[in-house]
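Structure first, commentary second.
The figures that follow rest on heavy atoms only: side chains count, while hydrogens, waters and symmetry mates do not.
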Amino acid sequence: MASFKPLHDRVLVRRVQSEEKTKGGLIIPDSAKEKPAEGEVIAVGEGARKDSGELIAPAVKAGDRILFGKWSGTEVTIDGQEYLIMKESDILGIIETSASQAAAA
């Protein structure tokens, strides 16, 4: 990937692909799939600034799994890959997985 550094409090996110089948085994056609609101943080800007100029460090970092609103971000293509650029405030939260959950996945 080309080097891309988001500015200010923006975050570059790669969308996590949804499942192709339901738990019951039904295949979901592309036309019926909703875009997932889960992604992986690829790059993070340096953060927002207070009126005083003091930097507010971002709460997320590259590699974090996050949830975001359905309509959040702007879609961009970098080196043929699709990403979203969104403000950190559009991120709803970080998905934390315990070691036991990660081993089971």
Exercise. Please walk me through it: do Val13 and Glu40 pass side-chain contact (heavy atoms from CB on, under 4.5 Å)?
Worked result: CA-CA 5 Å; Val13 175; Glu40 178 185 359; 5.9 Å; no

Problem set entry | Non-hydrogen side-chain atoms of Ile66 and Val41 separated by less than 4.5 Å | yes

Problem set entry | Pair Glu88 + Arg10, salt bridge at N-O below 4.0 Å | no

For this session: Quick one: pull up CG in Leu55 and CD in Glu46 and give me the separation to the nearest 0.5 Å.
Result: 5.5 Å

Problem set entry | Interatomic distance, Arg49 atom CZ to Asp51 atom CG [nearest 0.5 angstrom] | 12.5 Å

Problem set entry | Spacing of Phe4 atom CZ and Ile78 atom CD1 [to the nearest 0.5 Å] | 5.0 Å

Exercise. How many angstroms lie between CD1 in Ile85 and CG in Leu7, if you round to the nearest 0.5 Å?
Worked result: 9.0 Å

Seminar exercise, completed: In terms of heavy-atom contacts, Val16 and Gly39 come closest through CG2-CA, 3.6 Å

Exercise. Going through the checks in order, is the side-chain contact (heavy atoms from CB on, under 4.5 Å) test met by Ile91 and Leu67?
Worked result: CA-CA 6 Å; Ile91 297 172; Leu67 289 179; over 6 Å; no

Exercise. If you look at every heavy atom in Gly45 and Pro58, which pair is closest and at what distance?
Worked result: O-CG, 3.5 Å

For this session: Check for a donor-acceptor pair, side chain of Lys87 on one end and backbone N or O of His8 on the other, with a separation under 3.5 Å.
Result: no

Exercise. Quick one: does Thr74's side chain get under 4.5 Å of Leu84's, heavy atoms only?
Worked result: no

For this session: Check whether any side-chain heavy atom of Pro6 lies under 4.5 Å from a side-chain heavy atom of Leu12, and answer yes or no.
Result: yes

For this session: Any chance you could measure Ile94, atom CD1, to Asp64, atom CG, to the nearest 0.5 Å?
Result: 4.5 Å

Exercise. If you measure from CD1 on Ile42 to OH on Tyr83, what distance do you get to the nearest 0.5 Å?
Worked result: 5.5 Å

Exercise. Ion pair present between Arg15 and Glu38, side-chain N to carboxylate O less than 4.0 angstrom?
Worked result: no

